[in-house]
Amino acid sequence: RGPFYLSGVLTILSSLLVLWFVKEPVRGGKEKVLQDMLASGTKYEKKLTFEDFVHAMLRNQSNSLLIWFGFFTSIPWGVIFTFLNDYLSQEQSM
């Protein structure tokens with residue numbers, strides 16, 4: 001039990017150090033098109049909403065292709081990893 005308690009205490013201590021000493025970066029601070037706006041003191045507050053995310057995922061043709069490809073390829077891999085183990089252990093006695 002001791003190593004688990006020690007690891008928990010060290011994790012909490014390191015998270016407090018990060019909380020105190022690491023500064024949050026300015027939103028849009030590395031974007032060249034926003035440099036003038038940020039230099040004048042205005043904050044960039046635009047955030048991605050769920051509706052914007054869905055729109056970007058469904059309206060972009062390459063994203064739609066990747067979604068369909070991922071859907072149809074995850075099913076065979078799921079079947080292989082799930083049932084291949086049972087097949088090999090029960091039918092092939094491995």
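Owing to the predicted nature of the structure, the values given are computational and were not obtained by experimental measurement.
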Roughly how far, to the nearest 0.5 Å, is the [atom2] atom of [Y] from the [atom1] atom of [X]?
X   : Y   : atom1 : atom2 : result
M57 : L66 : CE    : CG    : 7.5 Å
I80 : N85 : CD1   : CG    : 13.0 Å
F21 : L16 : CZ    : CG    : 10.5 Å
R27 : E45 : CZ    : CD    : 7.5 Å

Subject >> Least distance between heavy atoms, L58 atom then S64 atom >> reply: O-OG, 3.1 Å

Subject >> Contact summary for G29 and Q35, nearest pair of heavy atoms >> reply: O-NE2, 2.7 Å

Determine, using the 4.5 Å side-chain heavy-atom cutoff (strictly less than), whether [X] and [Y] are members of one ILVMFWY cluster.
X   : Y   : answer
V33 : Y44 : yes
W20 : V9  : no
I12 : L17 : yes
I67 : L48 : yes
I75 : L84 : no

**OP:** Report the residues that fulfil side-chain hydrogen bond (donor to acceptor under 3.5 Å, both in side chains) with Y87, sequence neighbours left out, ordered by chain and then residue number.
**Re:** Q92

Examine distances only and state if a side-chain atom of [X] and a backbone atom of [Y] form a donor-acceptor pair shorter than 3.5 Å.
X   : Y   : answer
S74 : F71 : yes
E91 : D86 : no
T82 : G78 : yes

Pairs under 3.5 angstrom only: tabulate donor-acceptor contacts from the side chains of residues 49-56 to other protein residues two or more places apart or in another chain.
| unit_1 | atom_1 | unit_2 | atom_2 | d |
| --- | --- | --- | --- | --- |
| T49 | OG1 | D52 | N | 3.2 |
| T49 | OG1 | D52 | OD2 | 3.1 |

